[in-house]
Amino acid sequence: MIEITEHKIDVPTLIAAVSHDGAGATDVFIGTTRNKTSEKAVVKLDFEAYEPMAVKELQKIVDRAKEQWPILKYAISHRVGVVEIGEEAVVIAVSTPHRQAAFESCQFIIDELKKTVPIWKKEIFEDGDVWVASHP
Amino acid sequence: MIEITEHKIDVPTLIAAVSHDGAGATDVFIGTTRNKTSEKAVVKLDFEAYEPMAVKELQKIVDRAKEQWPILKYAISHRVGVVEIGEEAVVIAVSTPHRQAAFESCQFIIDELKKTVPIWKKEIFEDGDVWVASHP
Amino acid sequence: MSEIQIKVVAFGIARDIIGGRELNLKLKSGSKAQEAMHLLKSQYPAFEQLSTLNLAINEEYVDDNHVIIEGDELVLIPPVSGG
Amino acid sequence: MSEIQIKVVAFGIARDIIGGRELNLKLKSGSKAQEAMHLLKSQYPAFEQLSTLNLAINEEYVDDNHVIIEGDELVLIPPVSGG
């Protein structure tokens, strides 16, 4: 399951989605909005996605992960729109027979997501905003 | 939060327990009962713990983890008694400012848990049972 | 030499730079992605300041030598920052 | 030479081996953990088959040279398998 959503992510739903009788391990990564970046106070985040391509790129990442690890089930949800402090911006759940594969594949997915998936994060401060990572 | 419990583990409660405004990442490891070990069908698991020492040893592991990673909050729950297929035997949640620390510290805790914490798992098959890892 | 007209769609900071979601671009027939990019950078010098700027067509990244055809929709992909 | 009496508590497969949760053990005064272990292994040879067998006193692992005192409760820790 891969989704880009404007709604709050329901983590238990994603965990339930990766339930599998052959699973001994599930790793769940939750990326939340921090209250600061480099000591500057962040009020909220605003995410934008090129949705159809984002879903395709996420699927490619999952396909590459499946070549490397015995993934039983996976669930990925990424928010778009305004995400308040403490809310989930992204949740990735992966179930595997054993734990090492769960940790490694989950980390692989979030690492690759940050490299190639067309989603953009704007940090909103009291006195302005910035598109994250745009400039060197 | 560290607990040994006879009741089903409520994963959302543990995730809520590690919520922190400074957290950018939360990693949650869920160890579930698999339906087989080495191709033999497992009916259920039965866990036993030397509870006060198990809690102390878990605390030591967390203390060691905190020396290595900037852990904001943690929550660990381990079941005792009968755990059915698909149910959570152990859940570990860790929140950190950035994701690498969340993955590494969560994996460290489960890896160390399996080495030193006085908890014993009995696998129950249709035709018998075995205390896991007892013999070489 | 004949011209083709294509639509360019922008996201994130690229949208701020062009001042809108879309623009139309006239290219020489047979132009490659890098020529479209060159033209866009000359029209909007702020693109030069970005860490990266990629192009996608049909929801796939394309490389510099990809030949653009009439009716293509070029999507400007500034540095991604999901997660 | 005086003797001390201690209680031994067993978990997991160690409980199956001694056939119960607890037993009492008489040791020479000043005995170390390894001597208690030796005595237990001679009484219950099945302990020799385990991958490991550790002892805890006061909820802490103790090493072979730990001196046991009257009133100590020795806990037998067979190979752990949590998670």
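Both backbone and side-chain heavy atoms feed into the values below; hydrogens, waters and symmetry mates do not. Throughout, protein chains are lettered first and strands after them, A, B, ... in sequence-line order, and every chain is numbered starting at 1. Being a predicted model, the structure only gives us computed values, none of them experimental.
For chain C, the nearby parts of A:Y50 are the backbone and the side chain; heavy atoms of each come within less than 4.5 Å. The part of C:V75 that comes within reach of chain A is its side chain, from C-beta onward, which places non-hydrogen atoms under 4.5 angstrom from that chain.
Residues of residues 109-134 of chain A lying under 4.5 angstrom from chain C, judged on non-hydrogen atoms, are A:I110, A:L113, A:K114, A:K115, A:T116, A:V117, A:P118, A:I119, A:W120, A:K121, A:W131, A:V132, A:A133, A:S134 by number. Using a 4.5 Å cut-off between non-hydrogen atoms, no part of residues 13-27 of chain A approaches chain C. At a heavy-atom cut-off of under 4.5 Å, chain C is reached by A:K60, A:H78 from residues 58-84 of chain A, listed in order of number.
Among C:L53, C:V9, C:N54, C:D16, the residue with the largest count of heavy-atom pairs under 4.5 Å with chain A is C:D16. Chosen from A:P136, A:A49, A:G31, A:A89, the residue pairing most often with chain C at heavy-atom distances under 4.5 Å is A:P136.
Between the CG atom in C:N58 and the CE atom in A:M53 there is a gap of 10.5 Å [rounded to 0.5 Å]. Expressed to the nearest 0.5 Å, how far CD of C:E59 lies from NZ of A:K56 amounts to 4.5 Å. Once rounded to the nearest 0.5 Å, the distance linking OH of C:Y61 with CD of A:E57 reads 5.5 Å.
The environment of NE2 in C:H38 is sparse: at most 12 heavy-atom neighbours from other residues, nucleotides or ligands sit within 6.0 Å.
Partners of C:E73 under the salt bridge (Lys or Arg N to Asp or Glu O under 4.0 Å) rule, at least two apart in sequence or in another chain, are C:K7.
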